[in-house]
Each structure stands twice: as structure tokens, then as C-alpha cells.
Amino acid sequence: MTRSTTVRDLLDEHGRTHAEEAGIRLRNTPAPLYQLLTLCVLCSVRIKADMAVAAARELFAAGMRTPRAMAAASWQDRVNALGRAHYRRYDETTATALGEGAELILARYRGDLRRLRDAADGDPGRIRELLQEFPRIGPVGADIFCREAQGTWPELRPAFDSRARAAAGELGLPKTPAGLSRLVAAEDLPRFAAALVRAGLS
């Protein structure tokens, strides 16, 4: 099987980002960027990705799509939304983290993650550092954000975390972000990175 065939098959079978699955129409505006951050918080515990996606959908359906709405919701509202997605093992601590994170983004960035981007001055490493100042976001959560947002924030390209690179190696593809980025068009980088992670998990 050629590399191009492998890549095409990956995109066909696994090429859907977590943001797409959560119903986030990702673009460089405050609400979808915050929704992606929320999804990354949900993915930052030992839980299946599909459960985190379901929890994000429940939060958004309950109106918690912006930091102001998340902060205004009660802790119990957040717990209830997470419970409806069966995100129960971490529901209480995650409800707290989401509330505290919403307050932080409102206070520090006036509700707009584009200001975090500006504060990082185009440095991908600094973006990762600033993301990790939000409750519950660690290296994994920051990697997920950068992997998904690289289609919107070009300075993050190419974003292939260790899980994506490991899966690439198993499939006979390059193991470096630069090598992998040459296999697809720039607009397909988020889907390709997500597909590699999913292939590694399966």
C-alpha cells in the first residue's frame, strides 16, 4: 500500500475532528474557540473521547456555549448536563473546573481566546503554556486544542502530538510533524492528525 493510499484511507475512515463530532463549527471567533477549550477540558481526564464529545454536546445544548453563559450557569446545571452524557465519574470536579475556567477567560481575556493568541505573539509553545493555565488543561488538553485549532490558527501547524506520531510510525508514515504535514493539504491537517490518533486507539 502506498503512502497516499494509506493517507486517503485514514481520512475516509477516521478523518473527523472531535470538534466536528461535538457540533463545533470551528472558526476564529470567540464562541467556537471557547467551545473547543471546553471540549479539551472534558477530554483531559481518563475517559473515552466519545463520552467527552457527548458531554460537550449536552453542555452546549443547555446553553453553555460561551464563557459568560458557563459562568452564569450554576454548578448543579453543569453537573446535570454532564450526567446526561453519563460523564459521571468526573462530573463534580469537571463542573468546578469549567466554572473556574470560564471566570478566568472572562477576567484575563475578556471572554476571547484570540487575546490569548495575541499574548503568545504567534509562539506555539507559548500558546500551549497559556492554555495550561486553565483548570484541568494539561499537556494532553493543550495538544488536543492545538491539533484541532491548527486549521484556524496557522502558526500551530503542523500539530501532531505523540499519539498521532506513534500511530504514523506503525502505519509506515513519517514520524515527524514536518514529514506528516507534507502528506496532506494544509486545510486537512486537523482531520489527518485526528485520524492518526483514532487509528492508534483502534
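Quick note: numbers below take in every heavy atom, side chains included, and nothing from hydrogens, waters or symmetry partners.
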*Could you grab the distance from atom OH of Y90 to atom CE of M51, nearest 0.5 Å is fine?*
11.0 Å
*Is the number of heavy atoms from other residues, nucleotides or ligands within 6.0 Å of CG (D12) greater than 12?*
yes
*So, D161 and R147, do they make that salt bridge, N to O below 4.0 Å?*
yes
_Heavy-atom closest contact (L106 atom, A71 atom, distance)_ = CD1-CB, 4.0 Å
*Go through the steps to decide whether K48 and D50 satisfy the test salt bridge (charged side-chain N to carboxylate O under 4.0 Å, His left out), and finish with yes or no.*
CA-CA 6 Å; K48 290 182 178 179; D50 57 353; over 6 Å; no
_Parallel, tilted or perpendicular: which one describes the rings of F160 and F192, with boundaries at 30° and 60°?_
perpendicular
*Under a 4.5 Å cut-off applied to non-hydrogen side-chain atoms, are R117 and N28 in contact?*
yes
*Looking at side-chain heavy atoms only, is the closest gap between C40 and I137 below 4.5 Å?*
yes
*Could you check if a side-chain atom of F145 sits within less than 4.5 angstrom of a side-chain atom of R128, using non-hydrogen atoms only?*
no
*Partners passing salt bridge (Lys or Arg N to Asp or Glu O under 4.0 Å) against R16 (at least two apart in sequence or in another chain)*: none
*Is the number of heavy atoms from other residues, nucleotides or ligands under 6.0 Å of E13 CD greater than 12?*
no
*Got V79 and T94 here, is their nearest side-chain heavy-atom distance under 4.5 Å?*
no
*OG1 of T152 to CG of L36: how many Å apart, nearest 0.5 Å?*
8.5 Å
*asked:* Under a plain distance cut-off of 3.5 Å, with no hydrogens placed, do T2 and T5 share a side-chain donor-acceptor pair?
replied: yes
*After noting the C-alpha distance and the side-chain angles of L42 and T38, does the key distance pass the side-chain contact (heavy atoms from CB on, under 4.5 Å) rule?*
CA-CA 6 Å; L42 297 167; T38 298; 4.3 Å; yes
_Salt-bridge present (E58, R65; N to O < 4.0 Å)_ = no
*Non-hydrogen side-chain atoms of T176 and R165 separated by less than 4.5 Å*: no
_Can you tell whether the side chains of R191 and E20 come within less than 4.0 Å, N to carboxylate O?_
no
*Count the heavy atoms belonging to other residues, nucleotides or ligands that lie under 6.0 Å from CZ of R157, then report whether that count exceeds 12.*
yes
*Apply salt bridge (charged side-chain N to carboxylate O under 4.0 Å, His left out) to E100 and R136, showing your working.*
CA-CA 10 Å; E100 291 175 352; R136 185 62 67 74; over 6 Å; no
*Please step through salt bridge (charged side-chain N to carboxylate O under 4.0 Å, His left out) for the pair D91 and R78, ending with a clear verdict.*
CA-CA 8 Å; D91 55 352; R78 295 191 290 268; over 6 Å; no
*How many angstroms lie between CG in L104 and OH in Y109, if you round to the nearest 0.5 Å?*
7.0 Å
*Could you check if a side-chain atom of L180 sits within less than 4.5 angstrom of a side-chain atom of L189, using non-hydrogen atoms only?*
no
_Within 6.0 angstrom of R89 CZ, more than 12 heavy atoms from elsewhere_ = no
_Joint hydrophobic cluster, L26 plus V41, side-chain heavy atoms closer than 4.5 Å_ = yes
*P158 side chain reached by R182 side chain, heavy atoms, under 4.5 Å*: no
_4.5 Å side-chain heavy-atom contact, L171 and L196_ = yes
